[in-house]
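Written below as structure tokens is the structure these notes are about.
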Amino acid sequence: MFDKNLLFGFAAGCVLGAVGYKFYNEHKDDIEEKIKGLKNLKVPGSSEAKEEKAEESNDEMTLEELEAQKERLEDLIAEMQANRKDGV
């Protein structure tokens with residue numbers, strides 16, 4: 001019922017998990033500090049960065065540009081709604 005490869009893989013996973021847990025506990029403060037630093041990092045392609053860029057550019061956009069963007073968004077919404085109706 002149990003294959004040697006399955007048992008070997010399970011044992012290796014347990015050993016690596018224990019080693020990783022021990023490493024994490026020994027370096028917990030450093031790891032958490034790096035994670036906190038990454039949370040404040042703004043990735044260029046992320047939605048937060050896009051929203052921030054959009055807010056900055058809204059002050060510089062003309063009425064025509066805003067209307068064109070509005071039409072583009074309305075087209076995207078209509079397309080998504082049509083896809084949902086087709087899929088259902």
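Basis for what follows: all heavy atoms, side chains included, without hydrogens, waters or symmetry-related copies. All residue numbers in this chain count up from 1 along the given sequence.
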Min side-chain heavy-atom separation Tyr21-Asn25 under 4.5 Å: yes

- request: Give a yes or no on whether Phe23 atom CZ has more than 12 heavy-atom contacts from other residues, nucleotides or ligands under 6.0 Å away.
  value: no

CD (Glu65) with more than 12 external heavy atoms under 6.0 Å: yes

query: Any side-chain heavy atom of Asn83 within less than 4.5 Å of one from Glu79?
result: yes

message: For the NE2 atom of His27 and the CD atom of Glu33, what is their distance to the nearest 0.5 Å?
response: 13.0 Å

message: Can you tell me how far apart CE (Met80) and NZ (Lys85) are? Round to the nearest 0.5 Å.
response: 13.5 Å

- prompt: Is Gln69 close to Leu66 at the side-chain level, that is, under 4.5 Å between some pair of heavy atoms?
  reply: yes

- prompt: Should Gln81 and Ile77 count as side-chain neighbours, where that means a heavy-atom distance under 4.5 Å?
  reply: yes

